[in-house]
Amino acid sequence: MTIPELDFSSSLDISPESLMKQAGEARDLLESRKCPGNEFLGWMDLPERISKSSLEDLQNAAKEIQKSESLVVIGIGGSYLGARAVIEAIRSPFAPGFPVYFAGHQMDSFYHSELLRLLSGRRFSVNVISKSGTTTEPGLAFRLFWNDLKKHFGPEDLRRLVFATTDEKKGSLRKLCDSAGLKSFTIPDDVGGRFSVLTPVGLLPVAAAGLNAVSLMDGAREMMNAVRGKNRLPDNKNPALLYAAYRNAAYAKGKKIELLTSYQSGLHYLAEWWKQLFGESEGKKGKGIFPAAADFTSDLHSMGQWIQDGERSIFQTVLDVKSGAILPVPTAESDDDGLKYLEGRPLHEINRTALQATVKAHSDGGVPCLRIVLDKITEQDLGAYIYMMEYACAVSALMLGVNPFDQPGVEDYKNNMFRMLGKPGYAG
Ligand code: PA5
């Protein structure tokens with residue numbers, strides 16, 4: 001694993017330097033465990049807290065899942081985005097191997113009925129994930145898939161096919177899985193949803209998808225040591241602190257929107273995971289950068305105009321991955337398509353040139369661009385990146401003066417919905 005390099009050369013007049021002292025103070029507050037939300041700091045030590053035996057237990061469950069035909073991962077927000085991010089970043093989009101489907105991350109009836117139609121009567125596994133065990137979307141999806149499995153399989157098979165990941169004691173899912181005798185994994189009390197990818201929440205689906213959960217944790221551990229270990233990097237080389245300081249400096253200059261852009265389609269969900277992490281951690285008390293994401297170069301053909309020329313309230317964080325697949329542009333007899341000048345050049349190099357050209361165009365147009373350069377996309381690199389972003393997020397939110405670990409605003413839509421649907425206790 002190499003530490004991602006942060007390149008500020010196109011970040012215009014925004015630099016992390018002016019806020020490094022504040023970033024260091026926020027880090028000290030976090031490390032002293034006296035910060036707001038300090039009951040949810042378990043994520044900080046996960047890479048060294050996970051035991052060999054619990055990793056083995058997860059891997060055995062993953063093997064059991066792979067004996068079935070496919071896996072449905074049921075969860076929403078922090079209970080599915082991290083796993084989906086890792087799985088889609090690494091596996092081939094066209095020959096992904098063991099089929100993994102996602103459900104309960106929304107309530108679209110067409111999506112769920114089509115997935116049920118595809119799987120009904122087949123021997124599929126389910127991993128239902130909910131920290132609270134009471135969330136409506138995954139609760140409903142679980143009822144749908146459980147109902148289908150029960151029609152075709154007896155209790156013994158169901159115990160082989162269904163795995164729950166939830167709180168040790170609380171919630172309806174805990175009750176349900178205890179009464180059906182299902183195999184369950186626990187989400188530690190001191191780890192919040194969006195910080196839970198490095199627990200069984202993310203590790204079981206990742207392992208079931210045939211990826212290396214141990215390497216993911218190894219990468220996270222290396223990053224943990226680099227950003228906060230005994231021999232941690234100096235602050236001016238610490239990527240998490242630099243990133244937290246930089247984005248707060250951008251915010252102080254009126255840049256209210258951060259656009260995370262990547263040039264690899266497999267990284268779409270890594271950006272979705274990042275959006276939740278920062279959006280839910282920082283958007284409080286009328287404050288917080290709005291985290292947005294775009295897939296380039298696709299979105300340059302839809303959002304490029306706005307970014308180049310629209311309101312200057314935006315800054316861009318660009319994920320730049322050095323290595324790519326080997327795919328040179330083939331030679332052709334004629335130059336009818338006008339692409340002769342690209343012959344023999346690797347597609348990945350052309351894509352990275354597009355990245356450089358876009359960074360130049362956007363920074364010339366007044367959009368500060370920070371480049372985060374990753375060597376490659378492996379489980380280990382992703383584990384490191386995930387840990388780095390979690391640490392940066394906690395520091396950044398503390399710099400902003402909000403509790404990084406709660407999400408009081410999420411309840412409002414739920415209360416309205418429950419009242420409208422007539423949930424007992426919500427009338428009036
Ligand atoms: O970060 C959070 O806590 C939330 O976004 C949750 O991840 C999300 O709401 C899902 O909650 P649960 O895992 O309790 O079903």
Side-chain angles (χ1 to χ4, degrees), residues 36-44 46 72-86 102-107 112 126-146 162-177 182 184-205 269-284 288 290-291 293 386-387 389-394 396-397 402-418 423:
N38 58 0
E39 65 277 35
F40 290 112
L41 297 182
W43 60 272
M44 287 168 71
L46 283 173
V72 181
V73 177
I74 297 178
I76 194 165
S79 287
Y80 95 105
L81 281 169
R84 189 162 191 175
V86 174
F102 294 90
H105 54 301
Q106 29 82 348
M107 294 189 285
H112 286 89
V126 166
N127 180 200
V128 53
I129 308 168
S130 176
K131 166 111 200 251
S132 62
T134 56
T135 307
T136 311
E137 291 90 336
L140 283 171
F142 184 53
R143 192 183 263 234
L144 289 169
F145 287 90
W146 175 249
V162 182
F163 297 79
T165 306
T166 189
D167 187 87
E168 195 182 355
K169 298 190 185 99
K170 297 186 297 279
S172 322
L173 181 57
R174 166 54 57 203
K175 254 198 250 160
L176 220 147
C177 91
L182 302 178
S184 69
F185 292 91
T186 299
I187 308 169
D189 273 351
D190 56 359
V191 180
R194 59 191 171 276
F195 287 83
S196 68
V197 50
L198 300 173
T199 70
V201 168
L203 298 177
L204 181 56
Y269 273 92
L270 196 60
E272 293 300 305
W273 169 81
W274 168 91
K275 268 163 61 181
Q276 183 197 359
L277 182 68
F278 280 84
E280 219 169 55
S281 300
E282 291 195 322
K284 286 158 204 172
F290 183 83
I386 285 167
Y387 193 92
M389 281 297 175
E390 289 181 346
Y391 199 81
C393 178
S396 181
V402 299
N403 176 348
F405 307 113
D406 64 359
Q407 54 282 332
V410 180
E411 294 314 307
D412 293 2
Y413 98 90
K414 291 185 194 166
N415 291 336
N416 288 343
M417 179 178 74
F418 293 152
K423 182 171 177 169

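Just so it is clear, the values below take in all heavy atoms, side chains as well, and ignore hydrogens, waters and symmetry mates. FYI, the numbering just counts along the sequence from 1. Whatever order the structure lists ligands and atoms in, that order sets their numbers, starting from 1. Just so you know, these numbers come straight off a predicted model, no measurement behind them.
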J.: Should you measure from each heavy atom of Gln276, which atoms of ligand 1 turn up under 4.0 Å away?
T.: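 The atoms of ligand 1 under 4.0 Å from a heavy atom of Gln276 are 1 (O), 2 (C), 4 (C), 5 (O), 7 (O).
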J.: Of all the non-hydrogen atoms in the protein, which one sits nearest to atom 8 (C) of ligand 1, and at what distance?
T.: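 The closest one turns out to be Ile76 O, 3.7 Å.
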J.: Given side chains that start at C-beta, do those of Leu140 and Phe142 come closer than 4.5 Å, heavy atoms only?
T.: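 No - every pair of side-chain heavy atoms lies 4.5 Å or more apart.
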J.: Number the atoms of ligand 1 from 1 as they appear, then name those within less than 4.0 Å of a heavy atom of Thr135, with their elements.
T.: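 Counting from 1, the qualifying ligand atoms are 11 (O), 12 (P), 14 (O), 15 (O).
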J.: Counting heavy atoms only, name the option from Lys414, Glu280, Gln407 that's nearest to atom 1 (O) of ligand 1.
T.: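 Nearest option to atom 1 (O) of ligand 1, by heavy atoms: Glu280.
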J.: Specify whether Phe102 and His105 have parallel, tilted or perpendicular ring planes, treating 30° as the upper limit for parallel and 60° as the lower limit for perpendicular.
T.: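 Correct class here is perpendicular.
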J.: For Lys131, counting its heavy atoms only, list the atoms of ligand 1 lying under 4.0 Å from any of them.
T.: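 It comes down to these atoms of ligand 1: 12 (P), 13 (O), 14 (O).
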J.: Distance below 4.0 Å between atom 15 (O) of ligand 1 and any protein heavy atom?
T.: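 So far as the 4.0 Å threshold goes, atom 15 (O) of ligand 1 is in reach of a protein heavy atom.
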J.: List every atom of ligand 1 that sits less than 4.0 Å from any heavy atom of Arg194, numbering the atoms from 1 in the order shown and giving each element.
T.: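 This gives 1 (O), 2 (C) as the contact atoms.
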J.: Here's a test for you: under ring pair (Phe, Tyr, Trp, His ring centres under 6.0 Å), which of Phe405, Tyr387, Tyr391 qualifies with Phe195?
T.: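 That would be Phe405.
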J.: Return the closest protein heavy atom for atom 6 (C) of ligand 1 as residue, atom name and distance.
T.: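 Result: Gly78 N, 4.0 Å.
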J.: Do Asp167 and Asp189 have side-chain heavy atoms sitting under 4.5 Å apart?
T.: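 The answer is yes; the side chains approach within 4.5 Å.
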J.: Could you tell me how the ring of Tyr269 sits relative to the ring of Tyr80: parallel (under 30°), tilted (30 to 60°) or perpendicular (over 60°)?
T.: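 Plane angle over 60°, so perpendicular.
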J.: Checking Lys423 side chain against Asn415 main chain: does a donor-acceptor pair fall under 3.5 Å?
T.: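 Checking the backbone N and O of Asn415 against the side chain of Lys423, no donor-acceptor pair under 3.5 Å is found.
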